[in-house]
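Notes to accompany the following structure.
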Amino acid sequence: KKKDNALLRYLLDKDDNV
Amino acid sequence: SPPLAPPGLMVPALVLEFVRCEQDELLVQSKISAHLAHLKQEQNSRSTPDNQEQNTRHAAKPERLTTFGLMCHMADQTLFSIVEWARSCIFFKELKVGDQMKLLHNCWSELLVLDYIARQLQHGKEDSVLLITGQEVELASLLAQAGVTLSGMIQMGQELVHHLQEFQLDRRETACLKHLILFNPDVKLLENQPHVESVYEQVNEALLEYTLCVYPQFPDRFNQILLRLPELRVLSAQAEDYLCYKHLSGEVPSNNLLIEMLHAKRT
């Protein structure tokens, strides 16, 4: 299931530490 | 554009904030158009016999781009812009990624349908639909190409557009609806359920206040707007079922956000 959500997780996670 | 608030009355700050968060339509349109143009170009270069070598390199993605496939890519790209929009929302930012994912998994198809409906409202023509790329497609030609299920959904969409046109849903109200859909308090197993419930209540109050302030002659306007949400939900559920069916018959382009969302809800 986690693998299925990889793209959405990436989109939501990106830039978060900037 | 929405009417001005009567003198002395203020548009709720929250509504103004939601409008501020709205994306630049022309920017989204040009991004998606460019993406689709790139896809078509890639496809053309692959179908030329001279590019045998390139054919081999792209062998892992041998997708033939049908009209339906193109529409899926369009919906997929629209989903990317919906995620971007959600991320720009102050209330959404306060949630952890896990909760953000749960909310989006729950409402992605409703937001897609609302995006489509809102575009048709602005378009304002009954005999054609406006795509996110700015292309105008004759409704008759669309219905002629679509099967029974898709035709039914397109017609249901047109009815919903018609309902909303009757009382001229404005952009600020559309922005509120998007937030009501995103912050659905019925989503289960959220880490921060109280936050989602509180945002939902705040949006409700802001929308009620807004409709009473700007459209005081229609005291029932708020309820009339909310009554459209179940219709939108029915349409989006139908669209998901249809996509699922098309996916199972191998007609939906693979490896994209659309498919990922479809899977997430079904597992």
Side-chain angles (χ1 to χ4, degrees), chain A, chain B residues 23 28 31 35 72-73 75-109 111-112 182-183 187 189-192 240 243-244 247 252-267:
Chain A
K1 174 132 191 234
K2 260 190 182 162
K3 193 172 157 257
D4 277 345
N5 301 330
L7 185 52
L8 181 61
R9 187 176 289 278
Y10 166 75
L11 289 173
L12 292 171
D13 257 335
K14 67 175 183 171
D15 303 334
D16 273 358
N17 297 323
V18 176
Chain B
Q23 289 165 307
V28 174
K31 260 192 197 173
H35 179 84
C72 289
H73 278 292
D76 180 55
Q77 291 301 305
T78 310
L79 271 180
F80 276 94
S81 77
I82 285 173
V83 174
E84 279 307 305
W85 161 78
R87 290 187 84 214
S88 72
C89 167
I90 41 165
F91 298 116
F92 195 73
K93 280 181 192 163
E94 288 172 38
L95 291 166
K96 286 190 178 165
V97 169
D99 281 357
Q100 294 180 341
M101 289 174 80
K102 285 191 184 107
L103 291 184
L104 284 169
H105 282 158
N106 171 67
C107 71
W108 63 273
S109 59
L111 289 175
L112 267 184
L182 180 62
F183 293 93
V187 176
L189 303 170
L190 291 169
E191 211 173 299
N192 198 347
E240 275 188 42
L243 268 176
C244 214
H247 174 52
V252 180
S254 53
N255 294 328
N256 56 32
L257 190 56
L258 188 67
I259 294 294
E260 193 179 294
M261 295 300 228
L262 206 54
H263 277 163
K265 214 170 184 180
R266 309 266 151 174
T267 42

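Protein chains get the first letters and strands the later ones, always in sequence-line order, with residue 1 at the start of each.
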- Message: I need the B:E84 CD to A:L11 CG distance, nearest 0.5 Å.
- Response: 7.0 Å

- Please round to the nearest 0.5 Å and tell me the distance separating atom CG of A:L12 and atom NZ of B:K96. 15.0 Å

- Message: Less than 4.5 Å to any heavy atom of chain A: does that hold for the side chain of B:I259, its backbone, both, or neither?
- Response: neither

- So, for A:D13 and B:R87, which heavy atoms are closest and what is the spacing to 0.1 Å? C-NH2, 4.4 Å

- Can you measure from CG (A:L7) to CD (B:E260) and round to the nearest 0.5 angstrom? 5.0 Å

